[in-house]
**Student:** 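Got a structure for you, questions after.
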Amino acid sequence: MPREWLHAWLGWMVVAAGIAGIGLSAYRTWEVSQPVPFTHKKHVDFGISCDACHVGAKDSAKAGIPNTSTCALCHQPDKPGLKTPKTLEEYIRQMREIPWKKVYTVPQHVRFSHKRHVGSGGLDCKVCHGDVGKMDRPVARQTVPLRMEGCMACHRREKITTDCMACHR
Ligand code: HEC
Ligand code: HEC
Ligand code: HEC
Ligand code: HEC
Ligand code: HEC
């Protein structure tokens, strides 16, 4: 498909979504409530690094969320020691995955890779997610709005491509 058509098509998507009342935008202004009262602060203060839990953050497209068996490495319901909230204890006993609600997510038509930004780009997580390590409640909303203008502003500043097709498929 010629490039100009694609640009026009992307433009029409905005109009169509507007009419249909569908939010194509990735910026979530509302708060979600998470199933377990997770605290980043306690874990980061304990010395666990971001990519020990978000194992894909440096070398994959997706950062990933740790699964229940990872939590169970330290939170063992039958052993005294670490404080473990009742809700988490239940998930661990049944070895069920915790249904975390995603806060940062790009639509299907957008390409984004952590590897490119954290790995080769050398960017700090804070630039795009705020100071997560200081949060003592679960991540419930986007501290840094996830918007196309945000991506574009940095790309322009850093002289990285702003070609539509670099970020859209
Ligand atoms: C650096 C990456 C990047 C580039 C370059 C880029 N976009 Fe986007 N675009 C995004 C992201 C991320 C989103 C989703 C976030 C949002 O909705 O703001 C998006 C969303 C959109 C949407 C959905 C509309 C909406 O606001 O809901 C359209 C249409 C779009 N882009 C068109 C374009 C066109 C046309 C170009 C070329 C002029 C372009 N984009 C270049 C990253 C990019
Ligand atoms: C490497 C060990 C380790 C792993 C893995 C781990 N935690 Fe923790 N967790 C801790 C430590 C240490 C604390 C602080 C305990 C304290 O203050 O008594 C803690 C505290 C917590 C608390 C707060 C408890 C309270 O009431 O103060 C929650 C909730 C929690 N963890 C959930 C999780 C979840 C969910 C996972 C898996 C995604 C997880 N943890 C993985 C070590 C770990
Ligand atoms: C250049 C901006 C940027 C940087 C830097 C960045 N992220 Fe992200 N992050 C995003 C975007 C955009 C998404 C949504 C991606 C998607 O839906 O595929 C996201 C999603 C996530 C998610 C949700 C789960 C997932 O797998 O998508 C986690 C967790 C996360 N990032 C952690 C991190 C950590 C940890 C770092 C630092 C090591 C980091 N991010 C650095 C932009 C960034
Ligand atoms: C002990 C494991 C652990 C560590 C260490 C950890 N995280 Fe997380 N992270 C989680 C869990 C579990 C969630 C899902 C619960 C929530 O949203 O608070 C999460 C959620 C997130 C999200 C929101 C994902 C989304 O889109 O829903 C971001 C962004 C994030 N972490 C970034 C970071 C950064 C940056 C660091 C280092 C400063 C870090 N995390 C350290 C376990 C961890
Ligand atoms: C704070 C700066 C910053 C922000 C914000 C940012 N980027 Fe980037 N982006 C970079 C840098 C730096 C590179 C080049 C990394 C490298 O050297 O490989 C890059 C590279 C890319 C590439 C690869 C481009 C190519 O040449 O193939 C894509 C695609 C991309 N970014 C998409 C996005 C999207 C989508 C967003 C928003 C969700 C975003 N970026 C937000 C700095 C940023």
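For ligands, and for the atoms within them, numbers begin at 1 and follow the listed sequence.
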**Student:** For the residue pair His168 and Met148, establish whether any side-chain heavy-atom pair is separated by less than 4.5 Å.
**Tutor:**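 Result yes, sub-4.5 Å side-chain heavy-atom pair found.
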**Student:** Heavy-atom contacts with Thr162 under 4.0 Å: which atoms of ligand 1 show up? List them by number with element.
**Tutor:**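 It comes down to these atoms of ligand 1: 5 (C).
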**Student:** Is it the side chain (CB and beyond), the backbone, both or neither of Met148 that lies under 4.0 Å from ligand 1, heavy atoms counted?
**Tutor:**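 Answer for Met148: both.
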**Student:** Is the closest side-chain heavy-atom distance between Asn67 and Glu97 below 4.5 Å?
**Tutor:**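 Of all side-chain heavy-atom pairs linking Glu97 with Asn67, at least one is under 4.5 Å.
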**Student:** Tell me which protein heavy atom sits closest to atom 37 (C) of ligand 2, plus the residue, atom name and distance to 0.1 Å.
**Tutor:**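 The closest one turns out to be Cys71 SG, 1.9 Å.
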**Student:** Classify the side-chain pair Asp163/Thr161 by whether it contains a donor and acceptor separated by less than 3.5 Å.
**Tutor:**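 No pair is found: no donor N or O on one side chain lies under 3.5 Å from an acceptor on the other.
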**Student:** Does some non-hydrogen atom of Met165 fall short of 4.0 Å from ligand 1?
**Tutor:**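 Judged by the 4.0 Å heavy-atom criterion, Met165 does not count as contacting ligand 1.
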**Student:** Between Asp163 and ligand 1, which residue portion shows a heavy-atom distance shorter than 4.0 Å: side chain, backbone, both, or neither?
**Tutor:** backbone
**Student:** Below 2.8 Å, can you find an N, O or S atom of Cys164 next to atom 8 (Fe) of ligand 1?
**Tutor:** no
**Student:** If I take every N, O or S atom of His75, is at least one of them less than 2.8 Å from atom 8 (Fe) of ligand 2?
**Tutor:**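 Checking His75: at least one N, O or S atom is under 2.8 Å.
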**Student:** Quick one: nearest non-hydrogen protein atom to atom 14 (C) of ligand 4, plus distance?
**Tutor:**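 Atom 14 (C) of ligand 4 sits closest to the protein heavy atom Trp100 CD2, 3.7 Å.
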**Student:** In sequence, state the C-alpha distance, the side-chain angles, and the governing distance for Lys102 and Thr105, and then conclude on side chain to side chain contact (heavy atoms under 4.5 Å, CB included).
**Tutor:** CA-CA 7 Å; Lys102 281 247 321 216; Thr105 167; 4.2 Å; yes
**Student:** Specify the protein heavy atom at minimum distance from atom 32 (C) of ligand 2: its residue, its atom name, and the distance to 0.1 Å.
**Tutor:** Leu88 CD2, 3.5 Å
**Student:** Are the side chains of His109 and Cys167 in touch, meaning some heavy atoms are under 4.5 Å apart?
**Tutor:**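 Heavy-atom side-chain distance check fails, nothing below 4.5 Å.
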**Student:** Walk me through whether Glu89 and Arg93 qualify under salt bridge (Lys or Arg N to Asp or Glu O under 4.0 Å).
**Tutor:** CA-CA 6 Å; Glu89 207 177 295; Arg93 281 189 198 287; 3.0 Å; yes
**Student:** Are the side chains of Leu88 and His75 in contact, using a 4.5 Å heavy-atom criterion?
**Tutor:**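 A side-chain contact under 4.5 Å exists here.
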**Student:** Test your reading of the structure: does Ile48 have an N or O sitting under 3.5 Å from an N or O of ligand 4?
**Tutor:**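 N/O-N/O distance under 3.5 Å: no.
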**Student:** So which protein heavy atom does atom 42 (C) of ligand 4 come closest to, and at what separation?
**Tutor:**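 Checking every protein heavy atom, the shortest distance to atom 42 (C) of ligand 4 gives Phe38 CZ, 3.4 Å.
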**Student:** May I ask you to check if any N/O/S atom from His43 comes under 2.8 Å of atom 8 (Fe) of ligand 2?
**Tutor:** yes
**Student:** I need the nearest protein heavy-atom contact for atom 27 (O) of ligand 2: residue, atom name and distance, please.
**Tutor:**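 The closest one turns out to be Lys42 NZ, 2.6 Å.
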**Student:** Is Tyr104 close to ligand 4, meaning an N/O of one under 3.5 Å from an N/O of the other?
**Tutor:**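 N/O-N/O distance under 3.5 Å: yes.
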**Student:** I need the contact type for Val139 against ligand 4. Using non-hydrogen atoms and a strict under-4.0 Å cut-off, is it side chain, backbone, both or neither?
**Tutor:**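 Under 4.0 Å from ligand 4, Val139 contributes backbone and side-chain atoms.
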**Student:** Within ligand 4, which atoms have a heavy atom of Ser49 less than 4.0 Å away?
**Tutor:**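 Listed by number with element: 5 (C).
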**Student:** Any nitrogen or oxygen of His54, side chain or backbone, less than 3.5 Å from one on ligand 4?
**Tutor:**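 Yes; the residue has a nitrogen or oxygen that sits under 3.5 Å from a nitrogen or oxygen of the ligand.
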**Student:** What residue and atom, counting heavy atoms only, is the protein's closest point to atom 24 (C) of ligand 2, and at what distance?
**Tutor:**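 Ranking protein heavy atoms by distance from atom 24 (C) of ligand 2, first comes Lys83 O, 3.6 Å.
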**Student:** Check each atom of ligand 4 against the heavy atoms of Cys50 and keep those under 4.0 Å away; list them by number with element.
**Tutor:**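 So the atoms of ligand 4 that pass are 34 (C), 35 (C), 36 (C), 37 (C), 38 (C), 39 (C), 41 (C).
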**Student:** Counting only heavy atoms closer than 4.0 Å, does ligand 2 sit against the backbone of Cys53, its side chain, both, or neither?
**Tutor:** neither
**Student:** Does Ala166 come within less than 4.0 angstrom of ligand 1, counting non-hydrogen atoms of the residue?
**Tutor:**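 The answer is no: ligand 1 sits nowhere under 4.0 Å from a heavy atom of Ala166.
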**Student:** Give a yes/no on ligand 2: does Leu82 have at least one heavy atom closer than 4.0 angstrom to it?
**Tutor:** yes
**Student:** Please work out which of the three classes, parallel, tilted or perpendicular, describes the rings of His129 and Tyr104, given edges at 30° and 60°.
**Tutor:** perpendicular
**Student:** So do His40 and Asp136 actually touch side chain to side chain, heavy atoms under 4.5 Å?
**Tutor:**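 SC-SC contact between Asp136 and His40 ruled out.
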**Student:** Of all the atoms in His40, is at least one N, O or S atom closer to atom 8 (Fe) of ligand 4 than 2.8 Å?
**Tutor:** yes
**Student:** Specify the protein heavy atom at minimum distance from atom 2 (C) of ligand 2: its residue, its atom name, and the distance to 0.1 Å.
**Tutor:** Cys74 SG, 1.9 Å
**Student:** Closer than 4.0 Å to some heavy atom of Lys101 - which atoms of ligand 4 meet that?
**Tutor:**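 Numbered from 1, ligand 4 contributes 27 (O).
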**Student:** Tell me, which protein residue and heavy-atom name are nearest atom 23 (C) of ligand 2, and how many Å apart are they?
**Tutor:**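 The closest one turns out to be Thr39 CG2, 3.6 Å.
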**Student:** Quick check: are there more than 12 heavy atoms from other residues, nucleotides or ligands sitting under 6.0 Å from CD of Gln108?
**Tutor:**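 No, not enclosed.
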**Student:** Need the ligand 2 atom indices (1-based, order shown) with element for anything under 4.0 Å from a heavy-atom of Thr70.
**Tutor:**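 Numbered from 1, ligand 2 contributes 5 (C).
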**Student:** What atoms of ligand 4 come within less than 4.0 Å of a heavy atom belonging to Lys102?
**Tutor:**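 In order of numbering, the contacting atoms are 27 (O).
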**Student:** Which atom pair, heavy atoms only, marks the closest approach of Cys74 to Leu82?
**Tutor:**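 It is O-CD1, 3.4 Å.
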**Student:** For Thr70 and Pro66, indicate whether the former's side chain and the latter's backbone hold a donor-acceptor pair under 3.5 Å.
**Tutor:** no
**Student:** Quick one: does ligand 2 sit under 4.0 Å from the side chain of Ile65, the backbone, both or neither, non-hydrogen atoms only?
**Tutor:**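 Answer for Ile65: neither.
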**Student:** Please write down residue, atom name and distance for the protein heavy atom closest to atom 29 (C) of ligand 2.
**Tutor:**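 Closest protein heavy atom to atom 29 (C) of ligand 2: Pro37 O, 3.2 Å.
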**Student:** May I ask you to list the atoms of ligand 4 that are less than 4.0 angstrom from any heavy atom of Pro138?
**Tutor:** 18 (O)
**Student:** Working to the nearest 0.5 angstrom, can you tell me the gap between Thr87 OG1 and Ile98 CD1?
**Tutor:**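 Reported value, rounded in 0.5 Å steps: 8.0 Å.
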**Student:** In terms of atom number and element, which parts of ligand 4 are under 4.0 angstrom from non-hydrogen atoms of Gln34?
**Tutor:** 17 (O)
**Student:** Using a 4.0 Å cutoff against the non-hydrogen atoms of Cys125, which atoms of ligand 4 qualify?
**Tutor:**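 Ligand 4 atoms under the 4.0 Å threshold to Cys125: 35 (C).
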**Student:** If you measure every N/O of Val103 against every N/O of ligand 4, is any gap under 3.5 Å?
**Tutor:**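 Yes - when backbone and side-chain N and O of Val103 are compared with those of ligand 4, one distance drops under 3.5 Å.
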**Student:** Is His114 close to Lys58 at the side-chain level, that is, under 4.5 Å between some pair of heavy atoms?
**Tutor:**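 No, their side chains stay 4.5 Å or more apart.
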**Student:** Is there a heavy atom of Ala52 sitting under 4.0 angstrom from any atom of ligand 4?
**Tutor:**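 So Ala52 does not count as touching ligand 4.
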**Student:** Taking the side chain as every heavy atom from C-beta outward, state whether Ser69 and Met95 have any pair of such atoms under 4.5 Å apart.
**Tutor:**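 When only atoms from C-beta onward are counted, Met95 and Ser69 do touch, with a gap below 4.5 Å.
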**Student:** Answer whether the closest heavy-atom distance between the side chains of Lys115 and Ser113 falls below 4.5 Å.
**Tutor:**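 Heavy-atom side-chain distance check passes, below 4.5 Å.
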**Student:** Could you work out, for atom 20 (C) of ligand 1, the closest of Arg156, His155, Glu149, His168 by heavy-atom distance?
**Tutor:** His168
**Student:** Out of all atoms in ligand 1, which are within 4.0 Å of some heavy atom of Cys151? Include the element for each.
**Tutor:** 1 (C), 2 (C), 12 (C)
**Student:** Could you list the atoms of ligand 2 found under 4.0 angstrom from a heavy atom of Pro66?
**Tutor:**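 Contacts of ligand 2 toward Pro66, numbered from 1: 38 (C).
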**Student:** Looking at atom 8 (Fe) of ligand 1, is there an N, O or S atom belonging to Met152 that lies under 2.8 Å away from it?
**Tutor:**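 Met152 does not place any N, O or S atom closer than 2.8 Å to atom 8 (Fe) of ligand 1.
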**Student:** Does Gln34 use its side chain to pair, donor to acceptor, with the backbone of Lys101 at less than 3.5 Å?
**Tutor:**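 Here the side-chain-to-backbone pair exists.
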